[in-house]
Amino acid sequence: MLDHAAIPQKLSASSMTVLIVEDDDLSLKLFSELLKSVGCTTLLTKNGGEVARIVHRNQPDLILMDIQLPDVSGMEVIQRLKGDPASRDIPIIAVTACAMKGDAENILGAGFDGYISKPISVKRFLETVAKFVGNTKENDGNRRGYCRDLLQSHVG
């Protein structure tokens, strides 16, 4: 069970950065608040067309992306990101309402590194994010390990 009282509001200015690409205001706020509660910094956009620019400018450690965006499909966005040397190694997790039989396999087959179906389970959401926290970019000290350990300690 997630114990919000035991989670620091912010770890440090150098916390892990997560780009959230989501067109639904409530989901965007929920994902952002959950990640901030465990010390992550979040970047937010509702527009799939802005993702490449945001990634190049900010180099996030992780991307959470909806599949059904109003301007461009998340499937198109991932192809662009995985084809670009500057972003191909950033893990991208699909967070989507596409939950029919075979959807997860199709999404993962398109290049997504993880899959979370909506409506989300807070525990599953944080567990999935925690899997990717220690696996991003080159090791730049203990901040990712600290974020990973904090995430994992609050989902059990």
Output for pair (Asp61 CG, Asp89 CG), nearest 0.5 Å, gives 12.5 Å
Is there any side chain to side chain donor-acceptor pair (under 3.5 Å) pair reaching into residues 92-115, and which pairs are they, with sequence neighbours excluded?
-> Lys82-Asp113
Sorted by chain and residue number, the side-chain contact (heavy atoms from CB on, under 4.5 Å) partners of Arg88 (sequence neighbours excluded) come out as Pro85
Got a second to check how far Ile90's CD1 is from Leu81's CG, nearest 0.5 Å?
-> 7.0 Å
Considering only heavy atoms from C-beta outward, does the side chain of Val21 approach that of Val95 to under 4.5 Å?
-> no
Would you please name every residue forming a side chain to side chain donor-acceptor pair (under 3.5 Å) with Thr45, sequence neighbours left out?
-> Glu50
ring-ring contact (aromatic ring centres under 6.0 Å, His included) pairs, two or more places apart, involving residues 54-85 | none
Can you check side-chain contact (heavy atoms from CB on, under 4.5 Å) on Leu28 and Asp23, steps first, answer last?
-> CA-CA 7 Å; Leu28 192 67; Asp23 62 316; over 6 Å; no
Of all heavy-atom pairs between Gly74 and Phe112, which one has the smallest distance, and what is that distance?
-> O-CZ, 3.7 Å
Are the side chain of Thr128 and the backbone N or O of Arg124 linked by a donor-acceptor pair below 3.5 Å?
-> yes
Are the side chain of Asn47 and the backbone of Gly49 linked by a donor-acceptor contact shorter than 3.5 Å?
-> yes
Can you tell me how far the CG atom of Leu26 sits from the NZ atom of Lys29, to the nearest 0.5 Å?
-> 9.5 Å
Does any non-hydrogen side-chain atom of Leu34 lie less than 4.5 Å from one of Phe125?
-> yes
Kindly compute the distance separating CE (Met75) from SG (Cys98), expressed to the nearest 0.5 Å.
-> 7.5 Å
Please step through side-chain contact (heavy atoms from CB on, under 4.5 Å) for the pair Leu64 and Leu19, ending with a clear verdict.
-> CA-CA 6 Å; Leu64 299 177; Leu19 170 59; over 6 Å; no
Charged N to carboxylate O under 4.0 angstrom, Glu76 versus Arg80?
-> yes
Not counting sequence neighbours, which residues clear salt bridge (Lys or Arg N to Asp or Glu O under 4.0 Å) with Lys118? List them please.
-> Glu22, Asp66
Name all residues meeting the side chain to side chain donor-acceptor pair (under 3.5 Å) criterion together with Asp24; count only those two or more places apart in sequence or in a different chain, and write none if there are none.
-> Ser27
When every non-hydrogen atom of Gly48 is compared with those of Asp71, the smallest separation belongs to N-OD1, 3.1 Å
Please report the C-alpha distance between Ile120 and Phe31 in whole Å, then the side-chain angles of each, then the deciding distance to 0.1 Å, and finally whether the side-chain contact (heavy atoms from CB on, under 4.5 Å) criterion is met.
-> CA-CA 9 Å; Ile120 68 159; Phe31 303 159; 3.8 Å; yes
Side-chain heavy-atom pair Ile63, Ile93 within 4.5 angstrom cut-off | no
OG of Ser32 to CD1 of Ile20, rounded to nearest 0.5 Å, is 4.5 Å
List the steps, then state whether side-chain contact (heavy atoms from CB on, under 4.5 Å) holds for Leu62 with Val129.
-> CA-CA 8 Å; Leu62 178 68; Val129 169; 3.8 Å; yes
From CA spacing to verdict: side chain to side chain donor-acceptor pair (under 3.5 Å), Thr17, Thr41 = CA-CA 5 Å; Thr17 301; Thr41 298; 4.6 Å; no
Atom of Ser87, atom of Val55 and distance for their closest heavy-atom approach = CB-CG1, 3.6 Å
